[in-house]
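For reference, positions follow the sequence shown, starting with 1. Counting starts at 1 for both ligands and their atoms, in listed order. Computed from a predicted model, the values in this text were never measured in an experiment.
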Amino acid sequence: MTASVRAEVDLLIRAERAVLPGGVIRPAAIGVSGGRIRSVSALDDPAPARAILDARGLVVLPGLVDTHVHVNEPGRTEWEGFASATAAAAAGGVTTLVDMPLNSVPATTTRQALAAKQASAEGSLAVDVAFWGGVIPGNHDELAALWVFGVAGFKCFLAPSGVSEFPHVGEEDLERAMPALAPTELPLLVHAELPRELERAAAAVRGAAPRRYATWLDSRPESAEVEAIRLVAALAERMGSRIHIVHVAGAAAIAEIAAARARGISISAETCPHYLTFCAEEIPDGATPFKCAPPIRERRHREALWAALLAGTLDLVATDHSPCPPAMKRLDDGDFMAAWGGIASLQLGFPAVWTEARARGIELGRVADWMSAAPARLAGLDGCKGSIAPGQDADLVFFDPEAEWTVEGARLRHRHPVTPYEGRRLRGRVEQVLLRGAPAYRSGEWVEPPAGRMLKVRNDHL
Ligand SMILES: [Zn+2]
């Protein structure tokens, strides 16, 4: 092999430790031109370059892809918005996020609503953003148009979503929607809790103290997850759909997913940093920043989620970043039953997961797979995102895996400071982020103007 014909690249990144495809960590010289990775070679055999950036002891990872983010703009921009969410994402090493179709107003359930969302995002993105469309009762005629205009897939709820403009679907609604989705080969993301089980549990806790965490936990039993996964898996089997279960929180749900996969159903699943970090035994009564649905369950569930990630039953980790104004968290009276259910963690997800992974002896390469390569595949973005390989966008994170720091909500770039991670010691700090080869974030500073783009995901199966 001769190196004599190799083209000069714009930028060469020298890293003693780079996370390469498959989670392999080794020294690499990463050549970047025109915003894309052009070469990955040994440090002593680099491409000729106009500029060199030395990672100086930091690990270089592919930019993270967070497929579960509620940005809430337009319509509820006081909860969170594109500018604040994407700035927080950059500081957390997330270079691509996929926005959920709810809690914005309008919800992304029609072509016009998608256009409104794209218009509101224009010019304010610090990182790249793609969009999920929504499936609600009666919008099956809109799904093809949403696909044509570039949504990465679709999201539905089997139980009330918490906002009135995004009603949940039942079996008959999915029987109408799934045939429209099948030709697109896009995934249907499912919030899997079943109303029947939730209503039964709610009746059983009626009158119980609303400040007690156990009251909230008992009102969202594991059986609601299991029954919902069973229902949607049976529908997917019959209709030939590809489904993805969001925010898996319990051990029995994992077993149900494994059983469905063993039957040949196209099913993938995620869990979230908070389910991998916290456990019910340690959540104080009245501590509503920990409220989310499904709830954070007991310690044994947390450990089952880790085991399922390692075994491949769970495919990926996404934050389910779902903030709200502090007043809606009911911090004054600690009422779990009345507080908004949602945890804001877009900026914290990666160090939170890495902290727990490291404590369990799990390598950084595995975490990168769960938070970059696998979510890029879910969203159909793996042609340009999720790995350090020639042809990929040069979205790169320079990470210090040993740095220790303490979370202060008020210093995060989330719109609101409320977080259950307040005061927690975390390992690992994002020092620098490149988006398509250009600086986007460095040590608490964001590059202006923001250079994030809206991504359209379109396959050619229709
Ligand atoms: Zn969500």
Side-chain angles (χ1 to χ4, degrees), residues 65-73 75-76 79-82 85 88-89 92 94 97-105 107-109 117 129-136 151-169 187-194 198 216 220 224-225 228-229 232 243-250 253 268-278 289-296 305 314-324 328-329 339-349 352 371 375 378-379 414-416 418-420:
V65 178
D66 191 339
T67 50
H68 197 148
V69 178
H70 297 268
V71 175
N72 305 330
E73 184 175 358
R76 287 196 181 89
W79 293 23
E80 186 68 282
F82 284 105
V94 175
L97 64 84
V98 191
D99 173 58
M100 279 292 169
L102 70 160
N103 310 322
S104 55
V105 184
T108 318
T109 54
K117 189 168 269 192
V129 174
F131 302 95
W132 299 117
V135 172
I136 59 170
V151 297
F154 295 88
K155 165 83 178 286
C156 70
F157 275 68
L158 295 180
S161 71
V163 292
S164 60
E165 66 279 354
F166 201 93
H168 66 284
V169 292
L188 175 63
L189 281 60
V190 182
H191 178 120
E193 289 184 291
L194 216 56
L198 296 179
W216 172 242
R220 312 288 291 212
E225 284 189 79
I229 294 167
V232 78
I243 53 173
H244 174 82
I245 309 299
V246 297
H247 50 51
V248 173
S268 56
E270 73 192 32
T271 189
C272 309
H274 38 275
Y275 301 124
L276 295 168
T277 301
F278 304 116
F290 291 88
K291 180 178 174 178
C292 57
I296 296 163
L305 293 167
L314 293 177
D315 301 84
L316 62 100
V317 181
T319 60
D320 193 6
H321 177 73
S322 183
C324 68
M328 291 181 67
K329 270 296 191 185
W340 172 256
I343 287 176
S345 64
L346 184 50
Q347 192 171 335
L348 299 171
M371 302 189 78
L378 173 69
H414 305 160
R415 173 144 294 167
H416 301 292
V418 179
T419 169

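Protein N/O/S atoms closer than 2.8 Å to the Zn ion (ligand 1): His68 NE2, His70 NE2, Asp320 OD1.
A donor-acceptor pair under 3.5 Å links the side-chain atoms of Lys291 to the main chain of Ala339, judged by distance alone.
Atoms CG and NE2, from Leu158 and His191 in turn, are 8.0 Å apart once rounded to the nearest 0.5 Å. The OG1 atom of Thr271 sits 11.5 Å away from the CG atom of Asp315 when rounded to the nearest 0.5 Å. Within the model, atoms NE2 of His68 and OG of Ser322 stand 7.0 Å from one another, a figure rounded to the nearest 0.5 Å. The distance from atom OG of Ser104 to atom CZ of Phe82, rounded to the nearest 0.5 Å, is 7.5 Å.
We find that Glu73 and Arg415 are not joined by a salt bridge, their nearest charged nitrogen and carboxylate oxygen being 4.0 Å or further apart.
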